[in-house]
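A short write-up of the structure that comes next.
What you see is a predicted model; the values in this text were computed from it and never measured.
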Amino acid sequence: MREEQTINIRGGRILDETTDAQGRLADVHISVGVIADVVQAGSKLPKADFDLDATDCIISPGFVDLHVHLREPGREESETIETGSRAAALGGFTAVVAMPNTEPSQDSRIVVEFVRSQGVRAGLCEVVPSGCITVGRTGQVLAPYAELRDAGVMLFTDDGNGVQDPLLMRRALEYARDLDITLAQHCEVSSLTAGAVMHEGSCCSHLGLPGWPALAEELMVHRDIELVRLTGSRIHFLHLSTERSVEMVRQAKAEGLPVTAEATPHHFTLTDEALRSFDPVFKVNPPLRTPADIAALKEGLRDGTIDAIATDHAPHASHLKEQPLDQAPPGMLGLETALALSLSELDMEIQAVLAALSWNPARIAGIGDRHGRPIAVGEPANIAIFDPTSEWVVDREVVASKSKNTPYHGRRVRGQVRHTIFAGQLVVRDGVAQR
Ligand code: DOR
């Protein structure tokens, strides 16, 4: 058992779902895992083990990432649950949903319990295992949802693969509805993307590389919206990347269908032009797209069509990633840069960015009882404290992740996490992980 800590946070501005967009200056006392007191700025607080300086900072609920690859079990040369959790904490995340494309995959109670327990052991954030939609993510046979739900799994996905068979997806949605779980789809019609390394468009034609057409995503978004209409089940769309996908989700929401969606920072900050370098660090699935797609994703985030910013943090060890484009695995790091890229590149109020980084994804993940909560007395102390104006330069040599595949090396960004508190424990202090 860890010793309980007491923590005071002074000089910061609280911004959460219940404040107005400006937030309010207040000091906070944390004890025994919960917010024990919120007082007028400068008032007396009880003595504490740690006194955190939050001058110029925002005190917000910790962030929740619906989409991370922690690679354990099976690919520990790229990341472990401990190193990925450390990257998460440094990025201000207090919970992450671990994708199921581990080896073995997360399609049984024993594997999800292992993932969860490794997260508890690391103690840096809550690691929330997702479960597979199909056994082994092969798209053939439904995974044992009831068993996995009894083990606490709320979100199910075959991420890395889309579920190709519409009948199987229909049945999956019917079970999901009856069991009150959420399916999350990686939208990709795989027959249209075989061998692809980048977005299909003028840049890819120029380079003579095989392309991944926007249609491969959009066909599945369309199919699944229609299956949601048929079954009444809810669905979450992972890493949307195209203008038409956003428009379809907007329309589905306007019709009242229970759909939610996420976008990644790399899809709203980078385009397919980056592949002109032939650098595999820019290879990702779905691929980087066009300025028009970026504009649509940003508008989708602004108007609430896209509920969440999720990183698709996908570490790959150098010997795997640094191969020719056609052989390199897709994916890039995301956890340590998500806040800064969002604040730097999205023309949105900070509070709206926090909705997409914290309380919206907390609800989608089914953990809204303990993450994304207001900074108020009695609430669980899962908190991010960040300076929204501080500038820094991304450096792949100092990332906490075990892999180095950030596409942002050398980029100047704005917004820096200063402290992170998870379950009442100070896990990041002055930008340094405490465990
Ligand atoms: O780029 C990606 N990498 N997209 C995925 O869907 C899977 C992920 C991975 O596991 O590396």
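Screening residues 349-363 for salt bridge (charged side-chain N to carboxylate O under 4.0 Å, His left out) gives Glu17-Arg363 as the qualifying pairs, with residues at least two apart or on separate chains.
With sequence neighbours left out, Thr260 forms a side chain to side chain donor-acceptor pair (under 3.5 Å) with His236. Listed by chain and residue number, Thr94, Glu126 satisfy the side chain to side chain donor-acceptor pair (under 3.5 Å) test with His371 (two or more places apart in sequence, or in another chain). For Glu76, there are no salt bridge (charged side-chain N to carboxylate O under 4.0 Å, His left out) partners at least two apart in sequence or on another chain. With sequence neighbours excluded, no residue satisfies side chain to side chain donor-acceptor pair (under 3.5 Å) with Arg177. Scored by the salt bridge (charged side-chain N to carboxylate O under 4.0 Å, His left out) test, Arg396 finds no partners at all (sequence neighbours excluded). Not counting sequence neighbours, Asp159 has no partner by the salt bridge (charged side-chain N to carboxylate O under 4.0 Å, His left out) test. Looking at residues two or more places apart in sequence or on another chain, you find a ring-ring contact (aromatic ring centres under 6.0 Å, His included) between His186 and His239. Partners of Glu273 according to the salt bridge (charged side-chain N to carboxylate O under 4.0 Å, His left out) rule, which considers only residues two or more places apart in sequence or in another chain, are Arg276. With sequence neighbours excluded, the residues forming a side chain to side chain donor-acceptor pair (under 3.5 Å) with Thr269 are Tyr408, listed by chain and number.
Taking the charged nitrogens against the carboxylate oxygens, Arg250 and Glu247 do have a contact shorter than 4.0 Å, which makes a salt bridge.
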Do any side-chain atoms of residues 204-216 form donor-acceptor pairs under 3.5 angstrom with protein atoms, and if so which ones, sequence neighbours left out?
from	atom 1	to	atom 2	distance (Å)
Ser205	OG	Gly201	O	3.0
Trp212	NE1	Asn285	OD1	2.9

Output side-chain donor-acceptor pairs under 3.5 Å for residues 147-156, partner residues at least two apart or in another chain, one line each.
from	atom 1	to	atom 2	distance (Å)
Glu147	OE2	Arg109	N	2.9
Arg149	NH1	Leu179	O	3.3

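Rounded to the nearest 0.5 angstrom, Leu227 CG and Ile235 CD1 are separated by 7.5 Å.
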